[in-house]
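The next block holds one structure in the form of structure tokens; read it before the comments.
When a ligand or atom number is given, it counts from 1 through the structure's own listing order.
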Amino acid sequence: MPDTFDDKLAKRVDDYIERLFIPHDDALVQGLKDAEQAGLPAINVSANEGKLLYLIARIAGARRVLEIGTLGGYSTAWLARALPANGKLVTLELDQKHADVARKNLDRAGVGDRVEIRVGRAADSLRAMVNRGEGPFDLIFIDADKESYVEYLNQSIQLARPGTVILADNLIRNGRVLETHPSDNSARGAKAYNEAMAAHPRLDSLILPIVRENLDGLSISIVTSDT
Ligand code: SAH
Ligand code: DHB
Ligand code: MG
């Protein structure tokens, strides 16, 4: 376990940034409350990370976004708000209860018309999308079960074009990815993703450290040409 991360200072700095740049938003705050009330785990992105997702989508000029792992739709709402009026976001979720909570939250956030939630195992949904030729997406955000991240990466590339941005959450796991053989499955999955991403001939990438209760990380990759 790394011991030099001053988590109290990091949290204060994260709060400072949030106060400066994230105005209070009733729909998003109520959405998190309803998700908690419905028993969903509080593992959504932070407000600052949501704003980062929104800004990256805006900078990329994204019109078609794919998300893997919806939960209560909090990150979904941030990404959907970055879309133009005719934009479209498809989000994949295993759990019907999560999808139901997310549907209400996204409607309340005013982006329901731009978002389609597909329920099922993400690997199955992705395979069907590849077979139907549903790509390319402009931006893909991977945030479901960490054990499957490498599979999601390979499927995502099949739904991408040169220039597509691929983001993935939770890649540092409070430093557990530094262990040679991480003992927990999520850190093992994240570490495998990091290595596959770094070695991939068609990805140009970096991981940004992200402050949450613990230190975590978000990767940014751009898909390069296939020749
Ligand atoms: N992106 C959300 C958080 C997602 S949490 C946010 O930041 O607001 C991870 C989600 O992935 C959970 O809702 C979980 O049910 C879902 N999930 C887990 N395994 C999955 C799978 N195999 N296929 C699709 N979704 C899965
Ligand atoms: C956790 C955090 C996440 O952002 C996520 O997508 C899944 C799990 C966690 O801290 O356990
Ligand atoms: Mg996450």
For R121, the ligand 1 atoms with a heavy-atom partner under 4.0 Å come out as 23 (N)
Is there any N or O on G73 that sits under 3.5 Å from an N or O of ligand 1? no
Please examine the side chains of N105 and Y74, heavy atoms only from C-beta on, and report whether any two atoms are closer than 4.5 Å. no
Residue and atom name of the nearest protein heavy atom (relative to atom 18 (C) of ligand 1), distance in Å to one decimal: D145 N, 3.9 Å
Looking at atom 24 (C) of ligand 1, what's its closest protein heavy atom, distance included? L94 N, 3.3 Å
Could you tell me whether the side chain of R188 and the main chain of E147 form a donor-acceptor pair under 3.5 Å? no
Among the N, O or S atoms of D143, which one sits nearest to the Mg ion (ligand 3)? OD1
Could you check atom 15 (O) of ligand 1 against the protein and tell me its nearest heavy-atom contact, residue, atom and distance included? E93 OE2, 2.6 Å
When you compare ligand 1 with V45, is there at least one nitrogen or oxygen pair between them that comes in under 3.5 angstrom? yes
Which bit of R173 gets closer than 4.0 Å to ligand 2, counting heavy atoms only: side chain, backbone, both or neither? side chain
Test of proximity, A122 against ligand 1: N or O pairs below 3.5 Å: yes
Only heavy atoms of K146, strictly under 4.0 Å: list the atoms of ligand 2 that pass. 5 (C), 6 (O), 7 (C)
Between I166 and F141, is there a side-chain heavy-atom distance shorter than 4.5 Å? no
Contact between ligand 1 and Y152 is defined here as a heavy atom of the residue under 4.0 Å from a ligand atom; is it met? yes
Out of curiosity, is E213 lining ligand 2, as in a heavy atom under 4.0 Å away? no
Suppose we only allow N, O or S atoms; which atom of D169 ends up nearest to the Mg ion (ligand 3)? OD2
Polar-atom distance check: H98 versus ligand 1, any N or O pair below 3.5 Å? yes
Should L218 and L171 count as side-chain neighbours, where that means a heavy-atom distance under 4.5 Å? no
For ligand 2, which atoms have a heavy atom of R212 less than 4.0 angstrom away? 2 (C), 3 (C), 4 (O)
Enter the distance from E67:CD to L139:CG here, rounded to the nearest 0.5 Å. 10.0 Å
Look at atom 8 (C) of ligand 2 and say which protein heavy atom is nearest, naming residue and atom and giving the distance to 0.1 Å. I43 CD1, 3.7 Å
Suppose I only count heavy atoms of L71 and a 4.0 Å limit; which atoms of ligand 1 are within that range? 2 (C), 3 (C), 4 (C), 5 (S), 13 (O)
Do P41 and L71 have side-chain heavy atoms sitting under 4.5 Å apart? yes
Looking only at distances, can you tell me whether any N or O atom of D143, backbone or side chain, sits closer than 3.5 Å to an N or O atom of ligand 1? yes
Note, L94 side chain near R121 side chain (heavy atom, < 4.5 Å): yes
Atom 5 (S) of ligand 1: the protein heavy-atom neighbour that sits closest, reported with distance to 0.1 Å: I43 CD1, 3.6 Å
min-distance protein heavy atom vs atom 2 (C) of ligand 2 -> N170 ND2, 3.4 Å
For ligand 2, which part of L71 has a heavy atom less than 4.0 Å away: the side chain, the backbone, both, or neither? neither
Measure the CG-CZ distance between L89 and R63 for me, rounded to the nearest 0.5 Å. 14.5 Å
Strictly under 2.8 Å, is any N, O or S atom of N44 next to the Mg ion (ligand 3)? no
Determine whether L215 and P209 make a side-chain contact, defined as any pair of heavy atoms from C-beta on separated by less than 4.5 Å. yes
In terms of side-chain geometry, is the basic nitrogen of D216 or R173 positioned less than 4.0 Å from the acidic oxygen of its partner? yes
At their closest point, which heavy atom of A102 faces which heavy atom of G73, and how far apart are they? CB-N, 3.7 Å
Do Y152 and I140 touch side chain to side chain, with heavy atoms closer than 4.5 Å? no
Using distance alone, decide if ligand 1 has a nitrogen or oxygen within less than 3.5 Å of any nitrogen or oxygen in A144. no
Going by the atom numbers of ligand 2, which of them fall below 4.0 Å from some non-hydrogen atom of D169? 4 (O)
State the atoms of ligand 1, each with its element, that fall below the 4.0 Å cut-off from a heavy-atom position in N44. 6 (C), 7 (O), 8 (O)
Using a 3.5 Å cut-off on N or O atoms only, is S75 in polar contact with ligand 1? yes
Between S186 and D184, do the side chains contain an N or O donor and an N or O acceptor separated by less than 3.5 Å? yes
Is there side-chain contact between V90 and V115, with heavy atoms separated by less than 4.5 Å? no
Can you name the atoms of ligand 1, numbered from 1 with element, that are less than 4.0 Å from a heavy atom of G120? 23 (N), 24 (C)
State, without any angle test, whether N170 and K146 hold a side-chain donor-acceptor pair at a distance under 3.5 Å. yes
Looking only at heavy atoms, what is the nearest atom pair of E179 and K191, with distance? O-NZ, 3.1 Å
Any atoms of ligand 1 less than 4.0 Å from a non-hydrogen atom of T70? List them with their elements. 2 (C)
